[in-house]
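One structure is given below, encoded as structure tokens.
Side chains are part of it too, since the values below use all heavy atoms of this structure and drop only hydrogens, waters and symmetry mates.
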Amino acid sequence: MGSMLTGLIVMSGFSAGLAALLVIADRFLADYGEVQVDINKGEKNLTVQGGGKLLGTLMEQGVFIPSACGGRGSCGLCKIKILEGAGPVLPTETPYLGPKELGDGLRMACQVRVRQNIRVEIPAALLSIREFRARLAGLKDLTPTIKEVDLALEEPREIRFKPGQFVQFQAPEYPGSPEPVYRAYSIASAASEPGRLTLTITRVPGGICTTYVHDHLKPGDTVRFNGPYGDFFLRDSDAEILMMATGSGLAPLISILRQMRDEKVRRKAVLFFGTRNREDLFYVEELRALEKELFDFTFVPVLSRPAEGDAWEGRTGLVTAPLIGHLSQGDNSKREAYLCGNPLMINSAVEIFRARGITDDRIFHDKFA
Amino acid sequence: MGTPVSPGVIFFAAIFTNNILLSNFLGTCSFLAISREIRSSLGLGAAVTFVMAATAGLNHLVYYKLLVPFDLVHLRYIVIIVVIAAFVQLVEMLIERYSPALHVVLGVFLPLITVNCAIFGVALFLIIREYSFLQAVAYGFGGGLGWTLAIAALAGIRQKTKNAPVPKGLVGPGITLVTAGLMALSFMAFSGMVQMQ
């Protein structure tokens, strides 16, 4: 009995001692004190607590770098130019940085740790990105898997964005996630209503943010997001606009179409919208109305697998099939392509465009990975 | 306590004649997994050598100054594992803080080492063979170098034979295990040089 007790005491003491040692070491070793972050050679100077990842540190200071994966190091979007103080390139960064990018001093902000004074360059457009607080004004099922999230902005009261851009929506701490996470969603609303923001969010089984939106969010809740981000927006030209979307990839394109309606843009446009069956289609009535309101707009819904009761007389099959038909007529050198949605659809559409003379500088896309 | 073998001999023997990998077959998981390139295998080898030498000394102290006096020898397995894990954690923090360059080389490998059985094996052998403190450290250091030698050699062979026509069923881990076996056979040739047990 006595020996068991000694054993217990010695073992517990020993383990507690080691644990204490680690906690103390962590406290002292991970304390980097205050460090300076210099943005754009003196344009902005921040004093921050060292030790954190650059992406999160900047976000705490109100400087938002786009990141689709929320800092997990899996999207490669958060590349910024670091002039000094980043330390050696980490193995977690190398898959996303080519030789040219490394030569330019680009690094992934979500991997670089702020240990010393650091000097970074951030494009001016990103510095205008802000954090918004909004109230959930409406939540509507567009399809069995897509919800329309309607937000009324509270602070700041307005958002300026180019239709086609996206925001990073925050899922706060909730039973499905121990910490807040950010996920990127395209803006579906029109820029002419800067006090509102509409997102269309597809349920991803097991997804942290989409589960939050679909199962936990209630009208009246306060939500946070930051943005706007992205270079997917309507270019100024008189070329014909070819749009193609699958699923919730319609969001940025309907935002662009609403802008064209509000600004009375006189350009020919066609939208190919692919879903599985009829109940997955949404915004159909508005798109039909836009056909009448816009200068010259055609809406082509395509179902890949109509359900038996769908009574569908429209197009079926791959969404790229009617596109090929469309491209066989007219002058492809005067056409621009805007694609959003499933990456596989986008890749195959890009091949189709290239083969028919629409060059990469006139193809714009936003992949929903 | 202690066998009348000089630490120098133990050090030498641990590298060649009693190579922990090729004669005891310990630490084979990372041996097979991280041996595609000489560069990364050397990084892992350096981390293993350092941790093996240091934990051999530490575990020697803990065993003879703590476990033996309190008659807790039966708890040695769990204590050794805890010591290794805590040490690796501490070293990782130190390296990350003071040597970012070294952290880039060793950083990704350090957490792997916590579960490297070669390091655990060294700690057990030094108890079974009743080494003195100096002998233990020499054994740990030599063992680590021997492990590095073996993994770097295997990585070299794998780089050379990457495009070799291997029978279909042996591609990948199969041919690697055969290679490791042949290496173990060839290391047996060293065994006449020093006898150690």
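- Of the inter-residue distances, the one linking Gln89(B) atom CD with Asp26(A) atom CG reads 9.0 Å to the nearest 0.5 angstrom.
- By the 6.0 Å contact criterion, CG on Asp231(A) is open, its count of non-hydrogen atoms from other residues, nucleotides or ligands being 12 or less.
- Shown here is Phe141(B), whose CZ atom has no more than 12 heavy atoms of other residues, nucleotides or ligands within 6.0 Å.
- Here the CG-OG1 distance, from Leu72(B) to Thr6(A), works out to 6.5 Å after rounding to the nearest 0.5 Å.
- Interatomic distance, Leu18(A) CG to Phe87(B) CZ, rounded to the nearest 0.5 Å: 12.0 Å.
- Side-chain contact between Phe14(A) and Val62(B) is present, with at least one heavy-atom pair separated by less than 4.5 Å.
- No more than 12 heavy atoms of other residues, nucleotides or ligands sit less than 6.0 Å from atom CG of Asp71(B).
- Taking both residues in full, the closest heavy atoms of Leu22(A) and Met93(B) are given as O-CE, 3.8 Å, listed atom of the first, atom of the second, then distance.
- Scanning both residues, Ala25(A) and Leu90(B), for their nearest heavy atoms gives CB-CD1, 3.4 Å.
- For Leu67(B), no part sits under 4.5 Å from any heavy atom of chain A, backbone or side chain.
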Give the table of side-chain donor-acceptor pairs shorter than 3.5 Å for residues 42-67 of chain A, with sequence neighbours excluded, one pair per line with atom names and distance.
from	atom 1	to	atom 2	distance (Å)
Glu43(A)	OE1	Asn40(A)	ND2	3.3
Thr47(A)	OG1	Gln36(A)	NE2	3.3
Thr57(A)	OG1	Lys53(A)	O	2.7
Ser67(A)	OG	Gly70(A)	N	3.0
Ser67(A)	OG	Gly71(A)	N	3.2

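- Environment of CG in Leu83(A): crowded, with over 12 heavy atoms of neighbouring residues, nucleotides or ligands closer than 6.0 Å.
- In the displayed structure, Arg36(B) atom CZ is contacted under 6.0 Å by at most 12 heavy atoms of other residues, nucleotides or ligands.
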